[in-house]
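Proteins come first, then strands; the chains are lettered A, B, ... in the order of their sequence lines, and each starts at number 1.
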Amino acid sequence: MADFRSSILSELDWRGFVHQSTDEEAIDELLVDKRINLYCGFDPTASSLQVGNLLPLMMLAFFRRHGHQPLAIVGGATGLIGDPSGKDEERNLLDEEALQANLDGISDQMDRVLERAVEMHPETLGTAPGNLPSGSTPLLNNADWLGELSFLEMLRDIGKDFRVNSMINKESVRDRLEEREQGISYTEFSYMVLQAYDFYHLYREHDCQLQVGGSDQWGNITAGADLIRRKLGETAHGITAPLITTASGEKLGKTAEGTVWLDPDRTSPYEFYQYWVRRDDKETPQLLRMFTFLPHEEVEEMTATIEAGDNRGEVQEKLAWEVTSLVHGKDAADFASRASDVLYGETIEGMTDEELAKIFSDVPSTTLDRDRLTGEGIEIRDLFVETDLQSSRGAAKRLIRQGGGYLNNEQIEDLRYHVTTDDLASESMLVLRSGKKNYHLVQVE
RNA sequence: GGUGGGGUGCCAGAGUGGACAAAUGGACCUGACUGUAAAUCAGGCGCCGAGAGGCUUCGUAGGUUCGAAUCCUACCCCCACCA
């Protein structure tokens, strides 16, 4: 690890964000006493960012905390094309309407995260070359400049500066060329040219000298820097972050259930928090570095705790709180943390509807007619199936036999138990649970 | 277009007339130990059934047989090599 003069680069380096870069020393020099503009592009493939996108977003956040000005670029134009990097098959193209919805959703999230990023942990804010950027992060859509470019202009002015020879040597393209199955379309092949043009445009129009991104963006970033050199004879820079995987080798932010989103309507803050709480000890230190603004000493202390085998889960709780707080706000993080305490606590009884509804607000719920609980009541297995906690009566049977069925946090022993109004945990609610962590709230009406 | 190989449960992959609801591994689920972690151990993993047991599955549709994932016929799809 080199010693850096600029606060931001030493910070990024310490936190493990620097995987590849065009020229570390030059970048360091550039960042020492001048505020620069930098950018990272985000593809609008969905209406929400996911945990995987958080990595480059954190880079922007750190830059901002060190007094630099991030620009968030959404790929309104490139999103129409689809980036082949890291993809093994051709992507479906989005129509413009869907794209617009995605752009709105994503830009909103980025802005909020970058806003909170400068509000959290003031004690670790960087020594800024300029005043801290305030207000929203400038958000640009590359459709604004790429859209105006005609195909002929493109070929004449830009295409000249691209050597196909070097383009096919880029990993993102080569992988696809060697893959006989899929190949690569001309459209996707051109993606790199567009992204390079973005960098060129931003360099000229917005004085943007640095591009950051995930490691899969390396080829695209250098293509941009090359274009700037050829056209202007000037030097622009790029930094990529390493690819982060979980201890079991999966992509960050993917679970068996699917993707962890930043959009609270897709992944509730509680589930988001839970995702981080459940991280493996082995990956937690790295996550603390990259996804929190905690001071180095604190991170090192927690790392030592884990290495000594003394962690009882509090490190993950800290991590979860910090990340949730950044993405969803302090209140949401506090709430998720409190809800977790109750949910992983003991028997639920003698509570009011209000209390229960609050704690379980993020948990899936079902409404049931009151008459179904009167008289005989409803058989417990049917309840498991109706709430989707189990896929069939057979599965519910197994679950209960194995001791994984809980009603109001109490283990169900009788396979043929019938649930009646006597089982209500509060005035009108029941809490059904499958295994350790799957809750379902049943509301009776 | 020609030739060869193949389609089995979430995935990989055995099975090639009865012992097959289908080996084995992974994923996944549950329990124990813990910390909502890892590792380990135990159990489970088509549907119905308290159970005995029953029912529906091996690309699709027919057929042979007492009996088919296994044999035959047609069709669909995939792969390899050749052109």
Original post:
Starting at CD of A:Glu379 and ending at P of B:rG49, how long is that distance when rounded to a whole Å?
Top reply: 8 Å
**OP:** Identify the nucleotide, in any strand shown, that forms a Watson-Crick or G-U wobble pair with B:rU24, with both distances under 3.5 Å; if there is none, say none.
**Re:** B:rA12
**OP:** Could you check whether A:Gly404 gets within reach of a base, just the sugar-phosphate, or nothing at all, counting any heavy atom under 4.0 Å?
**Re:** sugar-phosphate
Subject >> A:Asn311 CG - B:rG35 P separation (whole Å) >> reply: 11 Å
Original post:
Any side-chain N or O of A:Arg278 less than 4.0 Å from the OP1 or OP2 oxygen of B:rG35?
Top reply: no
**OP:** Could you check which nucleotide pairs with B:rA32 in any of the strands shown, counting Watson-Crick or G-U wobble with both distances under 3.5 Å?
**Re:** B:rU40
Original post:
Under 4.0 angstrom, heavy atoms only, what part of the nucleic acid is A:Ser434 near: base, sugar-phosphate, or nothing?
Top reply: sugar-phosphate
Subject >> For atom CZ of A:Arg312 and atom C1' of B:rA38, their distance in whole Å >> reply: 12 Å
**OP:** Using the P atoms only, state how far B:rG62 lies from B:rA69, rounded to an integer number of Å.
**Re:** 15 Å
**OP:** With C1' as the reference atom in both, quote the distance from B:rU73 to B:rG18 in angstrom, rounded to an integer.
**Re:** 24 Å
Original post:
Between A:Trp261 and A:Phe272, is the ring centre distance below 6.0 Å?
Top reply: no
**OP:** May I ask you to say what A:Tyr417 touches in the nucleic acid, namely base, sugar-phosphate or nothing, with a heavy-atom cut-off under 4.0 Å?
**Re:** nothing
Original post:
Checking all strands, does A:Gln274 fall into the base, sugar-phosphate, or nothing category for heavy-atom contacts under 4.0 angstrom?
Top reply: base
**OP:** Considering only atom P, compute the distance from B:rC66 to B:rG13 and round it to an integer number of Å.
**Re:** 37 Å
Original post:
C1' atom, B:rG53 versus B:rG59: distance in rounded Å?
Top reply: 31 Å
Subject >> Pairing nucleotide - B:rG1, Watson-Crick or G-U, each distance under 3.5 Å >> reply: B:rC82
**OP:** Specify the separation, in whole Å, of atom CG of A:Asn438 and atom C1' of B:rU36.
**Re:** 11 Å
Original post:
With nearest nucleotides of RNA chain B determined for A:Lys282 and A:Gln390 from heavy-atom distances, which residue corresponds to the more 5′ nucleotide?
Top reply: A:Gln390
Original post:
So, are A:Arg312 and A:Glu314 salt-bridged, with charged N and O less than 4.0 Å apart?
Top reply: no
Subject >> Plane angle bin for A:Phe291 and A:Trp276 - parallel if under 30°, tilted between 30 and 60°, otherwise perpendicular >> reply: tilted
Original post:
Just how far, in rounded Å, is P of B:rA37 from CZ of A:Arg279?
Top reply: 11 Å
Original post:
Do A:Arg279 and A:Glu283 meet the salt-bridge criterion of a basic N to acidic O distance under 4.0 Å?
Top reply: yes
Original post:
Charged N to carboxylate O under 4.0 angstrom, A:Arg338 versus A:Asp334?
Top reply: no
Subject >> Inter-nucleotide P distance (B:rA22, B:rG9), Å rounded >> reply: 15 Å
**OP:** Please determine, for the side chain of A:Gln402, which listed nucleotide (B:rG43, B:rU36, B:rG51) has the closest atom?
**Re:** B:rG43
**OP:** Please measure how far the C1' atom in B:rU56 lies from the corresponding atom in B:rU8, and state the result in whole Å.
**Re:** 16 Å
Original post:
Tell me: CG of A:Asp280 to C1' of B:rA37, nearest whole Å?
Top reply: 6 Å
Original post:
In whole Å, what is the span from the CZ atom of A:Arg416 to the C1' atom of B:rG49?
Top reply: 10 Å
**OP:** Look at A:Arg289 together with A:Glu11 and state whether they make a salt bridge at an N to O cut-off of under 4.0 Å.
**Re:** no
Original post:
So A:Gln109 and A:Ser48, side-chain contact (heavy atoms from CB on, under 4.5 Å) or not? Walk me through it.
Top reply: CA-CA 8 Å; A:Gln109 289 173 349; A:Ser48 166; 3.0 Å; yes
**OP:** Using the C1' atom on both, measure B:rG6 against B:rU65 and round to a whole Å.
**Re:** 26 Å
Subject >> Phosphate OP1/OP2 of B:rG51: any A:Arg401 side-chain N/O under 4.0 Å >> reply: yes
**OP:** With P as the reference atom in both, quote the distance from B:rC78 to B:rC45 in angstrom, rounded to an integer.
**Re:** 35 Å
Original post:
Which nucleotide in the set B:rA50, B:rU30, B:rC48 lies at the smallest distance from any side-chain heavy atom of A:Ser392?
Top reply: B:rC48
Original post:
Less than 3.5 Å between a donor and an acceptor, one on the side chain of A:Arg398 and one on the base of B:rU30, is that the case here?
Top reply: no
Subject >> Any A:Lys397 side-chain nitrogen or oxygen under 4.0 Å from OP1 or OP2 of B:rG51 >> reply: yes
**OP:** Specify whether A:His296 and A:Trp14 have parallel, tilted or perpendicular ring planes, treating 30° as the upper limit for parallel and 60° as the lower limit for perpendicular.
**Re:** parallel
Original post:
Taking for each residue the nucleotide of RNA chain B with the nearest heavy atom, is it A:Gly435 or A:Tyr270 whose nucleotide lies nearer the 5' end?
Top reply: A:Gly435
Original post:
Please give, in whole Å, the distance from B:rC48 P to A:Asp382 CG?
Top reply: 10 Å
Original post:
Does any nucleotide pair with B:rU57 by Watson-Crick or G-U wobble geometry, both distances under 3.5 Å, and what is it?
Top reply: none
**OP:** Could you work out which one of B:rG35, B:rC47, B:rA50 sits closest to the side chain of A:Ser391?
**Re:** B:rC47
Original post:
Do A:Lys436 and B:rU34 share a donor-acceptor pair, side chain to base, under 3.5 Å?
Top reply: yes
